[in-house]
Amino acid sequence: MSDISIAESKIQILYLVDRAPGVSYHLLMEKCMESLYTDFFTFSRSYEELISGNLMDKSSSGAFTGDAVGSTENLTLTDGGRAVLNDLLSSLNAPLRARLDETASAIVSEMAANSGINASMEITEDGKFRVNLGYSGGEKPFSATLTVDDEATATKLCKQWKNSCTKASDELIRLILSGQNS
């Protein structure tokens with residue numbers, strides 16, 4: 001059960017999207033449920049009403065990119081959403097604003113940390129799936145293209161890449177280089 005109303009949830013979502021434009025639906029949902037006393041149903045209803053009310057826009061950014069691994073929806077406020085938020089800012093008390101600012105900072109940090117991670121998939125002419133994986137963060141940029149037989153495997157590769165890109169790329173390079181000594 002949610003500890004906040006739909007109206008409170010909408011204000012909080014508008015605030016976070018304003019402070020972290022381009023946030024993915026999934027990251028926003030995760031952070032709202034983690035730190036803002038809302039449940040999935042309250043968040044989902046609030047989100048849908050903000051989109052249908054033209055207070056927020058969602059745009060596609062290419063499947064499996066950045067912090068939106070597994071999601072293609074990136075969120076921004078519309079001019080109407082920004083006007084509504086500006087009208088309601090004074091109704092937010094100081095402790096709530098501090099908690100929202102902390103959550104927005106966490107979102108921005110996670111978006112920045114994941115900005116160098118890319119994974120995409122496309123169907124090939126022969127009905128297989130080409131998976132493109134990339135990592136440009138850190139000192140060792142990496143990219144690889146794989147072809148797999150089915151969509152489920154391609155999707156799983158893209159989703160898992162976010163959590164294992166640095167270790168996987170280092171391990172693959174190590175395996176290939178150690179094979180030269182044989």
Side-chain angles (χ1 to χ4, degrees), residues 1-122 132-138 155-156 158-166:
M1 190 77 178
S2 177
D3 291 342
I4 64 172
S5 70
I6 298 290
E8 291 168 318
S9 178
K10 286 181 187 180
I11 295 168
Q12 293 178 12
I13 290 170
L14 288 173
Y15 189 94
L16 292 174
V17 172
D18 183 57
R19 299 305 189 269
V23 63
S24 72
Y25 167 84
H26 291 289
L27 180 58
L28 179 66
M29 177 185 63
E30 175 188 314
K31 294 301 181 187
C32 284
M33 291 174 58
E34 193 176 274
S35 57
L36 298 176
Y37 309 113
T38 191
D39 61 32
F40 174 76
F41 299 105
T42 302
F43 174 84
S44 295
R45 183 172 167 200
S46 300
Y47 169 82
E48 289 301 326
E49 289 180 11
L50 289 168
I51 294 293
S52 66
N54 199 30
L55 298 178
M56 275 190 335
D57 278 332
K58 60 183 176 180
S59 61
S60 294
S61 65
F64 309 110
T65 57
D67 75 305
V69 173
S71 170
T72 59
E73 292 181 6
N74 290 1
L75 308 170
T76 54
L77 292 187
T78 62
D79 290 339
R82 193 164 286 102
V84 167
L85 178 62
N86 288 336
D87 287 345
L88 297 172
L89 275 177
S90 63
S91 69
L92 301 176
N93 62 41
L96 176 58
R97 281 183 86 152
R99 195 171 69 225
L100 288 168
D101 286 336
E102 189 176 301
T103 301
S105 291
I107 290 170
V108 168
S109 293
E110 192 160 334
M111 288 170 63
N114 292 324
S115 65
I117 301 170
N118 297 299
S120 63
M121 64 185 205
E122 58 190 335
N132 301 300
L133 305 173
Y135 173 67
S136 60
T155 300
K156 188 173 183 178
C158 289
K159 287 182 179 181
Q160 294 300 321
W161 183 245
K162 176 182 177 185
N163 297 322
S164 62
C165 64
T166 55

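One is the number of the first residue; the rest follow in order along the sequence.
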**Message:** Checking Tyr47 now: which residues fulfil ring-ring contact (aromatic ring centres under 6.0 Å, His included) with it, not counting sequence neighbours?
**Reply:**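 By the ring-ring contact (aromatic ring centres under 6.0 Å, His included) rule, Tyr47 matches Tyr25.
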Straight-line distance of [X] [atom1] to [Y] [atom2], nearest 0.5 Å:
X      : Y      : atom1 : atom2 : answer
Leu85  : Asp18  : CG    : CG    : 5.5 Å
Lys159 : Met121 : NZ    : CE    : 9.0 Å
Phe43  : Lys31  : CZ    : NZ    : 13.0 Å
Gln12  : Leu92  : CD    : CG    : 7.5 Å
Ser91  : Ile11  : OG    : CD1   : 4.5 Å
Ile13  : Met29  : CD1   : CE    : 11.0 Å

**Qualifying side-chain hydrogen bond (donor to acceptor under 3.5 Å, both in side chains) pairs with a residue from residues 92-105, counting only residues at least two apart or across chains** =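 Listed by first then second residue: Tyr15-Asp101, Ser35-Thr103.
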Using every non-hydrogen atom in the two residues, find where [X] and [Y] come nearest and quote the distance to one decimal.
X      : Y      : answer
Val17  : Leu28  : CG2-CD2, 3.8 Å
Ile107 : Ala20  : CG2-CB, 3.6 Å
Met111 : Gly22  : CE-C, 3.8 Å
Leu16  : Ala104 : CD2-N, 3.7 Å
Pro21  : Thr76  : CB-CG2, 4.4 Å
Leu14  : Met56  : CD2-CG, 4.1 Å

Spell out, as yes or no, whether a donor-acceptor pair under 3.5 Å connects the side chain of [X] to the backbone of [Y].
X      : Y      : answer
Asn86  : Arg82  : yes
Trp161 : Asn132 : no
Thr42  : Thr38  : no

**Min side-chain heavy-atom separation Leu133-Cys165 under 4.5 Å** =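 In short, these two side chains do not touch, never coming nearer than 4.5 Å.
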**Request:** Indicate yes or no: does Glu48 engage Arg45 in a salt bridge with an N to O separation below 4.0 Å.
**Result:**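 Arg45 and Glu48: not salt-bridged.
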**Request:** In sequence, state the C-alpha distance, the side-chain angles, and the governing distance for Leu27 and Glu110, and then conclude on side chain to side chain contact (heavy atoms under 4.5 Å, CB included).
**Result:** CA-CA 9 Å; Leu27 180 58; Glu110 192 160 334; 3.5 Å; yes
**Prompt:** CG of Asp79: more than 12 outside heavy atoms within 6.0 angstrom?
**Reply:**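 Count not over threshold, so no.
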